[in-house]
Each structure stands twice: as structure tokens, then as C-alpha cells.
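Contents: one structure, followed by commentary.
These values consider heavy atoms only, across backbone and side chains, with no hydrogens, waters or symmetry-generated copies. Treat the numbers as computed from the prediction; the structure is a model and nothing was measured.
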2 protein chains.
Amino acid sequence: MEYFEELKSTKIFNSATEFECQAMMFCFKTRFKTFDKNQSIIKQGDKMEDIILILKGSGNVENVDSLGNISIVMQLKKGDVYGVESAYAGDEYYKDSVIATDKSLVLFMNKHRLINPCENRCKRHDLVIKNLMRLVAESNIKLLDKLNHISKKTTREKLLSYLSSVSEKSKSNYFEIPFNITELANYLSVDRSAMSFELSKMKKEGLIDYDKRQFHLFSNKLK
Amino acid sequence: MEYFEELKSTKIFNSATEFECQAMMFCFKTRFKTFDKNQSIIKQGDKMEDIILILKGSGNVENVDSLGNISIVMQLKKGDVYGVESAYAGDEYYKDSVIATDKSLVLFMNKHRLINPCENRCKRHDLVIKNLMRLVAESNIKLLDKLNHISKKTTREKLLSYLSSVSEKSKSNYFEIPFNITELANYLSVDRSAMSFELSKMKKEGLIDYDKRQFHLFSNKLK
DNA sequence: ATATTTTTGTTGTAAAAACAACACTTTTTA
DNA sequence: TAAAAAGTGTTGTTTTTACAACAAAAATAT
């Protein structure tokens, strides 16, 4: 079966055999599709038919509001899904776009087939739902994390909250962030130039050092 | 069985019989507890043992950061749970407080017992997990909603984004918000006095009208 | 390898927000 | 029902932000 190895390595299909996977692929009416960097995997406003699973590569969930402001809602890595909450909420249209940030392989699964109890009684469906639960819980954590950062009043506080959290996750004061500067500004919902200015200021003050996506946080200076 | 009616009316236990509920109460090592308005149901930083379910009343999930700023993360209503994501993430301590906003009845369920496959093979456990999934998905939606509001640049935009969303949900331009003014400021992460000032300004401009928690949105004026 | 596009840092200016202080109102409590 | 506490609206001041514009650097495409 094509792509079985990729499926096997995700949290959602991890415990299924090749045969079971094949049955589910049929049951969920799946399609595999590849995307180049910067291609749209999902377009905000399009009719929502599928829940997607990233099998290779990565993507950004982006939202454009009525004034044209772009916000990066969250990032998707290998094994992540997008659309589960919306499917449960019964949304008809995608509320965000998903843009590939690398060459990517994506699995599209029919949302009704995936979240509703299976008439075909395909053996592993219940287990997949259980696995999905863990993924949705993780997505929740990501959102809470982001909320924590952007709830801060000043740009500096937002930056420090974000950088500290990445630093903590990587268990080091030296770490790489998964955004470029422009994207980080969109993620933190601040003006890019103002943020860039604030970063330089923090560098001058000896709070942080950085080059491209590489950061060093002088945590001893953060009283 | 005590409180069976309350359990029955929640999404998570909705499909279980009294006997099954009783078994699960034992299996999840549950405790029922009542709270007065403004009492702490959960204290940020306390050891996390339980996932809670609101059976009567309501509560606010609040987070206090290192600078003392209070943020209302989300609201919990009857049938809502708190702590599922943290349990999956393996958090040891509660990351937020939950404060009763009414006289409330709360069910405490041991987190390990709830989220792990059941050795006792208690019949309905799988179904409960599936129901839980829907709740976590809903909580996800709430967070995305909030994120949408506070990602806006100005206080006015935040207010309009929030008020529009409440208006939409209540399908009317006249609606009641579930916050007082101070709480709304904490929810939107803006300064209370500045927000109060902005609200008056919007009232003067004829964009909105309000009194206490009652709002009227003149949507025709919002270009 | 060169041209083109995108990203980045910097600046000045105008707008908006936070903060602090205070009087007044409403709600809670004893 | 009186006293205390909590919530609200308003104001002036200071700090911070957004916005616009531009040059330089880096990344991408041809």
C-alpha cells in the first residue's frame, strides 16, 4: 500500500495494520496530494469537505480578516491535523487557509466519514477517534500557549513570553524559532517594523541575541 | 443515585444509564462539591489530580501572570469540562484558576482514570471518551474565537469583533454579554479604563448602545 | 550569475494604549 | 438598612504602537 510507512508514523494511524489502514482509506474517502513550498493546501472560505493530515513537510494555518491583516494562527507539523474542531462544530466553510511551508505530502479525509460512527464497522475507527482526541488536545495546548503570549500588553512582553516558551521546550537558552521575523510578527499580532525595532533594542540591552532564526536568551538578565 | 439527573443532562454522560454512571463514578474516583459565587474551584499552581465537570452554575478560567495581570481565558458553563488538554499533555500543576461565577456544583474526576483505557472494562468508558472529544473540540473553537478577537490591533476592533460574535450567536442585534465591563477587559486583554473610554466613544458615535450587560449593535453603521 | 522579489532594520510621525488618580454608582455584606 | 467593597466612567500624562517610507540585505527565480 502506498504511503503506509508515512501513515504508520503518525499518532492517528500509528496502531493500525496495513490492511486496517487500507480499509480506513476507503472508508474515509481519502486522497493523497503533494504541495510545493508556499502553495495553498486549504483556502479560507472554500467549502469544507475534508480534514487534513500532514504526512510530510509542514504548514501554517493563516487567517486574513476583513481589513486584510494576516494572522498566523498556528503551525502544523508532520502528523498534525487541521479541521477537526470545525468538523465537530458543523462549519460549512474553512475559516483559515493552510499554506505549505515546505514541500509537503497531505492526506485529505472526508470529515463526515471520519468523525461519525462507522456504518461499515471498520475495525479501527474507534481507535482512530481516540488518537484524534490526543491531537485535538495538543492543538488546544498550542492555542492556549499562543493566547498566553498575545495576552501580554507590550510587544516586549509578548516576545519574551514567546521566546521563553520556545527556549523551555528546547531545554536550552540557544534555540531556533520556526518563524522568520515577518511570520513571527503575524503570529504575535504586532506590527512587523515595531517588533523588529523592539528586537534590536533588546539585543542592544543585552537581553537577547539573535541571527536569522537562531536566538540566545540571556535568562539571567530577565530579573 | 445522587445527581444522576445532572450527569444525564451533560454531553459527556448523556448516553449512560444510572447503573453505568454509578460504575463510572467509582471508576473515575469522583467527588461532588458545591461552590459559592467567587469561590475558587481550582487554584492555579495546585497539583493537578482531577479533571472537572460543571454540573450546575458556571465559572471563569483565569490566569495570573508573573506581573500580576489577570486574564480570563474562557468561561465554563454547565456541561463544560476543564483540564482535559492538560491531562493529555501530562501537566503536573494547574495552569489556571477556575472561579465560580455562580453558586455551582462541580464533579471532580481523577485525570488518569478518565483518560486512560479502563482496566475494569467499565462498559461506557469508550463512549465517554468519544463524548469528551466533542467537548475538547468545542473548547478549541472557543479559543480560536477568542484568538480572533484579541489578534485585532485596536481596542475598538477587539470590541467590535467580540460584540459581533456574541450578536451573531444570539441571532440579534440586542444581546447580553456574559461579562461585566471589568471582566470583558480581562478577557480581551486590554486596560479596563481605556476600554471603558472606548465604549463610551462608540456609544457617542452611535455605533453601539449599552447598559450594564445589555448591548445593542447598530450593525448598519459598521460599513 | 544576474535580475527580481522578498525580507529586514531603521526612522519619524501620528495614533492609540496603558497607567494612575479620582468621584460616583452599584452591589455585597454584616 | 447602613457600611463596606467592588465596579464604572472620566481625565490627563506617559509610554507604546501602528503606519508609512525607504535603503540594504537576503532569498528566489531566470
> What pairs with A:F197 under ring-ring contact (aromatic ring centres under 6.0 Å, His included), at least two apart in sequence or on another chain?
Replying inline: none

>> Closer than 4.0 angstrom, basic N to acidic O: yes or no for B:D91 and B:K111?
In response: no

> Between B:E176 and B:K212, is the closest basic N to carboxylate O distance under 4.0 Å?
Replying inline: no

> Under 4.0 angstrom, heavy atoms only, what part of the nucleic acid is A:K201 near: base, sugar-phosphate, or nothing?
Replying inline: nothing

> B:K37 near the nucleic acid: base, sugar-phosphate alone, or nothing, with a heavy-atom cut-off under 4.0 Å?
Replying inline: sugar-phosphate

> For DNA chain D, whose closest nucleotide is more 5', that of B:N180 or that of A:V190?
Replying inline: B:N180

> Which heavy-atom pair separates B:A16 from B:M24 by the least distance, and what is that distance?
Replying inline: CB-CE, 3.8 Å

>> Does anything in residues 153-191 of chain A form a ring pair (Phe, Tyr, Trp, His ring centres under 6.0 Å)? List the pairs, not counting sequence neighbours.
In response: A:H149-A:Y162, A:Y162-A:Y187, A:Y174-A:H216, A:F179-A:Y187

> Quick one: on DNA chain C, does B:N69 or B:N38 contact a more 5' nucleotide (nearest heavy atom)?
Replying inline: B:N69

> Between atom CZ in B:R213 and atom C1' in D:dG7, what is the gap in whole Å?
Replying inline: 11 Å

> Tell me, for nucleotides 9-14 of chain C in 5' to 3' order, what letter each nucleotide earns: B for a base near a protein heavy atom under 4.0 Å, S for only sugar-phosphate near one, - for neither?
Replying inline: BBB---

>> Would you say A:T101 and A:S58 are linked by a side-chain donor-acceptor pair, where the criterion is simply a distance under 3.5 Å?
In response: yes

